[in-house]
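By convention in this document, chain letters (A, B, ...) are assigned in the order of the sequence lines, proteins followed by strands, and residues within each chain are numbered from 1.
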There are 2 protein chains.
Amino acid sequence: MTTEKRRAPAGAAVLRDEITTAIRRALMQELAAVGYGRLSIEAVARRAGVSKTAIYRRWSSKLDLVLEIVAAAAHGKLPALDTGTLRGDLALLFQAVAHALRHPLASQIIPDLLAEAARNPSIDATLRQVLHARQQEIGGRLVTRAVQRGELPADTELDAAVDLIVGPLYWRLAIARLPLTDGYLDNLVESVAAGLGADSVLPRPRAAPISG
Amino acid sequence: MTTEKRRAPAGAAVLRDEITTAIRRALMQELAAVGYGRLSIEAVARRAGVSKTAIYRRWSSKLDLVLEIVAAAAHGKLPALDTGTLRGDLALLFQAVAHALRHPLASQIIPDLLAEAARNPSIDATLRQVLHARQQEIGGRLVTRAVQRGELPADTELDAAVDLIVGPLYWRLAIARLPLTDGYLDNLVESVAAGLGADSVLPRPRAAPISG
DNA sequence: CAACGACGGTACGGTTGCGTCCCGACGTGT
DNA sequence: ACACGTCGGGACGCAACCGTACCGTCGTTG
């Protein structure tokens, strides 16, 4: 038995949270600034004002670092989404997505990592857990409830529905990077609801031409 | 006048097209394999089986190389899109997009460059010219004709329409990277048509705006 | 209060890529 | 046939980064 009982690390010999936090923040900024491809540990350390060793003590590799931090950052923050109507749920979801993608860091990091996922299985797996799975879950609940209420046809395919719900807004905010004009989200709610096959008996408020 | 009349380069002293082509192909493959961030001229040269000098003689920098080649690759190939109905145009467009994004190279390069565009103004400008502008043009024609036929409301906003048309399919193929199941594109045509406000049978008279 | 033990920082060799320079090879035009 | 002039290739100096080893420092615990 080489490992006798040892004193637990204490005092100066314990990881300082402030350093860990600084590394996390620096990583996000570097990731946004240069992307995963060009990301270097040295640059993260420089930006965080710490040494490389401080990073290597906490994470074994660049991939490890990114995976852990990204997964942590993507946790929490799932809206309740139970407004009682399909359109209400969509509106809430779109606002949450729009709010999240407004953060410059998020809007640069997410597309970058999604592109990287196409060639890095670890990143792909992590993103599928924290992003796609969550979308499927949220979208699933949203669609299921709408079906139960009779707002959507019973044979709605979840996959296709998620594409229709997430695609347009993601495209606009993260890819095309165009601004959200007034009423855009409201129109989108209507368009997506109609696209999903929502009952057109319900009133469809169309964006009225702004008359001053 | 230092530049007197000189013999034009001839014989061995002229750029060989085969080399240029090999570089182009190697660039695409490298771009797909490692992304723009990690792209190195050396790797391109290695893969193409040429020397670095061969590349530097043709392009002044890595950015130059990527911009020129990507712009060239994105030219051509715009479908006629004049089937006479909104749904027909959509179906044709979707098939073209799906076909293009099926190429493994394209489906890796395009998201990568789009992410890179968020931090590189030159790439951003180029992509806007060759991708977004073209989408606006195609989408514009498609929507305009549908409006003229009475299939879409006259106040359709082009921007939002393009998001709705391009977003879902791009999301599925390039981001989520899920397969196209049987009938997916057909369903998508219906969904998008409905989302744009197309009536299922007859051109819809404009709904009265409901204040809200 | 003194020993402990991981802390953060610096220094190091190795690797990779950049951009340039020089070289012999080569095909055309005079 | 020869001169021309760029070709492709290899080598070079320079810079950045990786991952590790070693160093003195520091707060807690017995």
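For the pair Trp59(A)/Thr20(A), a side-chain contact is recorded, criterion being any heavy-atom separation below 4.5 Å from C-beta on. Side-chain contact between Leu93(B) and Asp89(B) is absent, with no heavy atoms from C-beta onward closer than 4.5 Å.
Environment of CZ in Arg149(A): crowded, with over 12 heavy atoms of neighbouring residues, nucleotides or ligands closer than 6.0 Å. For Gln136(B), the CD atom counts as densely surrounded, since its 6.0 Å shell holds more than 12 non-hydrogen atoms of other residues, nucleotides or ligands. Within 6.0 Å of CZ on Arg25(B) lie no more than 12 heavy atoms contributed by other residues, nucleotides or ligands.
Between Arg58(B) and dG8(D) there is a side-chain N or O to OP1 or OP2 distance below 4.0 Å. OP1 and OP2 of dG8(D) both lie 4.0 Å or more from every side-chain N or O belonging to Ser51(B).
When all heavy atoms are compared, the tightest approach of Asp112(B) to Tyr36(B) is OD2-N, 2.8 Å.
Recorded end-axis angle for the helix from dC1(C)-dG30(D) to dT30(C)-dA1(D) stands at 0°, based on five pairs per end and rounded to 10 degrees.
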Contact state string [nucleotides 17-24 of chain C, B base, S sugar-phosphate only, - no protein heavy atom under 4.0 Å]: BBBBB---

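Straight-line distance from the CG atom of Leu65(A) to the C1' atom of dG19(D): 14 Å, rounded to whole Å. One interatomic measurement links the two molecules: CD of Glu30(A) to P of dC18(D), which rounds to 10 Å at whole-angstrom precision.
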Test side chain to side chain contact (heavy atoms under 4.5 Å, CB included) applied to Asp64(A) and Tyr56(A), step by step: CA-CA 10 Å; Asp64(A) 219 43; Tyr56(A) 280 113; over 6 Å; no

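Checked for salt-bridge contact, Arg145(A) and Asp82(A) meet the test: a charged N lies under 4.0 Å from a carboxylate O.
Contacts between residues 117-126 of chain B and DNA chain D, defined by a heavy-atom separation below 4.0 Å, involve no residue at all.
Between the side chains of Asp163(A) and Tyr184(B), at least one donor N or O sits under 3.5 Å from an acceptor N or O.
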